[in-house]
Amino acid sequence: MKKVWIIVFGLSYLGLSAQKKWSLRECVDYAVEHNLQVIQNQYSKQIQDSNLKIAKNQYLPSVSGSMSNSVSFGQTSFGTGSLRNDRFSNSANLGADILLYNNGRLEKTIRKTQFDVEASQYDVETIKNDISLQIAQQYLTTLLNREIVKISESAVENAQKQYDRAKITTQVGTTAQTILAEAEAALAREKQNLKTAEINVGRSLFAMAQLLQLPDYKDFDVEYVEVPDQLQPQLKSVDEVLTTAFENQPQVKAAESRINSAIAQTEVSKTAFWPTLTGSVGIGSFYNNLLTTNTTGIDSAGNLVLERNLFGQYKDNFGQQASISLNVPIFNKGITKLQVEQSKINESVAKITLEQQKQTVRQNVQKAQFDVDANYETFLSAVETEKSTKLALEFADKSYTAGRTTIYDVNVARNNYANAQGSVAQAKYNYLFSLKLLNFYAGIPLAL
């Protein structure tokens, strides 16, 4: 029995998981966390973080150690004859070098790298914003398609009622067979429109799943959000939005950081004109078998047998050294001067890039403001058209019931009303997205 309950609860959990509906906030959060382009830019930012650590570590001394061994065997010339000369030597050294002065090169390099880190972080934020806007637009498209499905369902329901009524009147002989045929054709058309609307919902959900880069799109669904029919106009001016956008938009902030980085790089390049003062210290010792003085006896040829005392020599030969070196640049083929000129050119390029980013933001804000105004007027006009076509449909239906109009007039009126409803929905969601986009540039987070 216990196993049965486990299976039941497991199936229930799977059912709940499959029925999960994503909110706009969940879609945006998931996209900015898992999108491959975002992850790629985050790796670029990590590289800049490592570069900053490297720049800061340049203040530390460079410490290195070395050890060498050499052996030689054979005869060596000595006057008119030769002697046996076997040698073995060993040495060990430990040294440290540190930069004492170069006109602040290390500090300027750190400052330049910090600006690079800032720019890379703003690049990540820019990608996140772009993806968030795409998600918001596709989310609203899905909601629009679902509203069109509701409109189509209502049209099918009305067409079904008309068909049922025409079938009864045709059977009793009060209307011609052509009336029933037209009612049946109208019902078929509305069912086709409904099927098309349902497919569009699936297509928009598929596009959303693609934006989220989900491995499985079949069970993906979004929450239903009730969008009010009464929409308020945008009150903020373009200048107010632009002021906020220039202060907060990451692409603008990234361009500003890159200007500072280019200026700092110019200062770094100029340090090559200045002398470099370096300090070094070191310790070391060595061993050579020819320097051993302790004897352990005499061999068969009458030669002294010397003791090869490695640690004794290391103690006797231990030494220390310290030095300061000054390197004064005199002529390096004009390379430093050219590098400074290149850095100044990069400053100009960075400043132009900033103006381009501001121009792009300005154009986007102006377009969003224009779309807000235009879409709001379109929405108001569509609402009035919907009211008039609804009234026309009611009159046409009553006239048809009274026998004063034909079924063709009713179908035309119903099609006009359905088109008007679709236009209202389209205008409403177009206005809503343009308003959300303008609010986004004004520093208001995306939300429904």
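Numbers here are sequence positions counted from 1. Every value quoted in this text rests on a predicted model; they were computed, and no experiment measured them.
Side chains of T389 and N416: a donor-acceptor N/O pair is absent below 3.5 angstrom, by distance only. For the 3.5 Å distance criterion, the side chains of Q121 and E125 qualify, holding a donor opposite an acceptor. At a cut-off of 3.5 Å, with distance as the only test, a side-chain donor of S89 or S70 sits close to an acceptor on the other residue.
Of the possible polar contacts, none joining the D221 side chain to the K20 backbone as a donor-acceptor pair under 3.5 Å is found. Of the possible donor and acceptor atoms, none in the side chain of K344 sits under 3.5 Å from a partner among the backbone N and O of Q339. Formation of a donor-acceptor pair under 3.5 Å by the Q114 side chain with backbone atoms of L52 is not found in this model. Proximity of a side-chain donor or acceptor of N145 to a complementary backbone N or O of N200 within less than 3.5 Å is detected.
In this structure, CG on N129 lies 10.5 Å from CG on N248, to the nearest 0.5 angstrom. The line from CG of L211 to CZ of F206 is 10.5 Å long, rounded to the nearest 0.5 Å. To the nearest 0.5 Å, the span separating NZ on K428 from CG on N430 amounts to 11.5 Å. Here Q249 contributes atom CD and Y441 contributes atom OH; the two are 6.0 Å apart, rounded to the nearest 0.5 Å. To the nearest 0.5 Å, the span separating OG on S91 from CE on M67 amounts to 8.0 Å. We find the CG-CD1 distance between L194 and I148 to be 12.0 Å, quoted to the nearest 0.5 Å.
Scored by the salt bridge (charged side-chain N to carboxylate O under 4.0 Å, His left out) test, K367 finds D371 as partners (sequence neighbours excluded). Residues forming a salt bridge (charged side-chain N to carboxylate O under 4.0 Å, His left out) with E377 (at least two apart in sequence, or on another chain): none. Applying the side chain to side chain contact (heavy atoms under 4.5 Å, CB included) test to E386 and every residue at least two apart in sequence or in another chain returns Y417, A420, Q421, V424. Remark: A155 engages E190 in a side chain to side chain contact (heavy atoms under 4.5 Å, CB included) (not counting sequence neighbours). Considering only residues two or more places apart in sequence or on other chains, R105 meets the salt bridge (charged side-chain N to carboxylate O under 4.0 Å, His left out) condition with none of them. Remark: Q160 engages Y163, D164, L187, K191 in a side chain to side chain contact (heavy atoms under 4.5 Å, CB included) (not counting sequence neighbours). A search for side chain to side chain contact (heavy atoms under 4.5 Å, CB included) contacts involving R25 returns S23, V28, D29, not counting sequence neighbours.
Contact of the Y287 side chain with the N317 side chain is not registered, since no non-hydrogen atoms from C-beta on lie closer than 4.5 Å. I47 has its side chain out of reach of Y43: every pair of non-hydrogen atoms, C-beta onward, lies at least 4.5 Å apart. Residues L277 and N102 fail the side-chain proximity criterion, which asks for heavy atoms closer than 4.5 Å. Y101 has its side chain out of reach of T276: every pair of non-hydrogen atoms, C-beta onward, lies at least 4.5 Å apart. Considering only heavy atoms from C-beta on, K128 comes within 4.5 Å of V124 through its side chain. For the pair Y139 and C27, the minimum side-chain heavy-atom distance is below 4.5 Å.
Residue pairs meeting the side chain to side chain donor-acceptor pair (under 3.5 Å) criterion with at least one member in residues 48-63, sequence neighbours excluded, are K45-D49. Every pair passing salt bridge (Lys or Arg N to Asp or Glu O under 4.0 Å) that includes a residue from residues 195-210 is listed here, sequence neighbours excluded: K195-E198.
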Subject >> Residue pair L438, S434: steps toward the side-chain contact (heavy atoms from CB on, under 4.5 Å) verdict >> reply: CA-CA 6 Å; L438 191 61; S434 58; over 6 Å; no
**OP:** Dump the intermediate steps for side-chain contact (heavy atoms from CB on, under 4.5 Å) on F220 and M208, then the final yes or no.
**Re:** CA-CA 9 Å; F220 175 76; M208 176 71 81; 3.3 Å; yes
Original post:
side-chain hydrogen bond (donor to acceptor under 3.5 Å, both in side chains) between N332 and T336: does it pass, once the steps are laid out?
Top reply: CA-CA 7 Å; N332 68 339; T336 300; 2.8 Å; yes
Original post:
Between D123 and R258, is a salt bridge (Lys or Arg N to Asp or Glu O under 4.0 Å) present by the stated rule, with each step listed?
Top reply: CA-CA 11 Å; D123 288 340; R258 288 193 168 93; 2.4 Å; yes
**OP:** Take T353 and V349 through the side-chain contact (heavy atoms from CB on, under 4.5 Å) test and state the conclusion after the steps.
**Re:** CA-CA 6 Å; T353 301; V349 172; 4.3 Å; yes
**OP:** Any chance you could lay out the side-chain contact (heavy atoms from CB on, under 4.5 Å) test for K337 and E341, step after step, and finish with the verdict?
**Re:** CA-CA 6 Å; K337 181 180 178 181; E341 291 177 356; 3.6 Å; yes
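Across all non-hydrogen atoms, the minimal contact from L94 to S64 is CD1-O, 3.4 Å. Looking at every heavy atom in both residues, I151 comes nearest to A418 through CG2-O, 4.1 Å. When all heavy atoms of L205 and R146 are compared, the closest pair comes out as CD1-NH2, 3.9 Å. Contact record, L242 with R362: CD2-CA, 3.5 Å, taken as the closest heavy-atom pair. For the pair A442 and V241, the tightest heavy-atom approach, listed with the atom from each and the gap, is N-CG1, 3.9 Å. The heavy-atom pair separating A245 from V361 by the smallest distance is CB-CG1, 3.7 Å.
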Please set out all donor-acceptor pairs under 3.5 angstrom arising from side-chain atoms of residues 31-42, sequence neighbours excluded.
from : atom 1 : to  : atom 2 : distance (Å)
H34  : ND1    : Y30 : O      : 3.0
N35  : OD1    : Q37 : N      : 2.9
N35  : OD1    : V38 : N      : 3.4
N41  : ND2    : Q37 : O      : 2.8

Anything under 3.5 Å between a donor and an acceptor, one on a side chain of residues 278-286, the other on a protein residue two or more places apart or in another chain? List them.
from : atom 1 : to   : atom 2 : distance (Å)
S280 : OG     : S323 : OG     : 2.5
S285 : OG     : Y314 : O      : 2.7
S285 : OG     : F318 : N      : 3.4

Name every donor-acceptor pair, under 3.5 Å, that has one atom in a side chain of residues 259-271 and the other anywhere in the protein, sequence neighbours excluded.
from : atom 1 : to   : atom 2 : distance (Å)
N260 : ND2    : E256 : O      : 3.4
S261 : OG     : D116 : OD1    : 2.6
Q265 : NE2    : S269 : OG     : 3.4
T266 : OG1    : A262 : O      : 3.1
T266 : OG1    : E347 : OE2    : 2.5
S269 : OG     : Q265 : O      : 3.0
S269 : OG     : S343 : OG     : 3.2
T271 : OG1    : V268 : O      : 2.4

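The neighbour count for E107 CD, taken as heavy atoms of other residues, nucleotides or ligands under 6.0 Å away, does not exceed 12. Taking a 6.0 Å sphere around CZ of F370, one finds it holds 12 or fewer heavy atoms contributed by other residues, nucleotides or ligands.
Geometrically, K358 engages F246 in a cation-pi contact defined by less than 6.0 Å to the ring centre and at most 45° from the axis.
Comment: K253 does not engage E247 in a salt bridge, judged by the lack of any side-chain N to carboxylate O separation of less than 4.0 angstrom.
Ring planes of Y376 and Y431: tilted class, angle from 30 to 60°.
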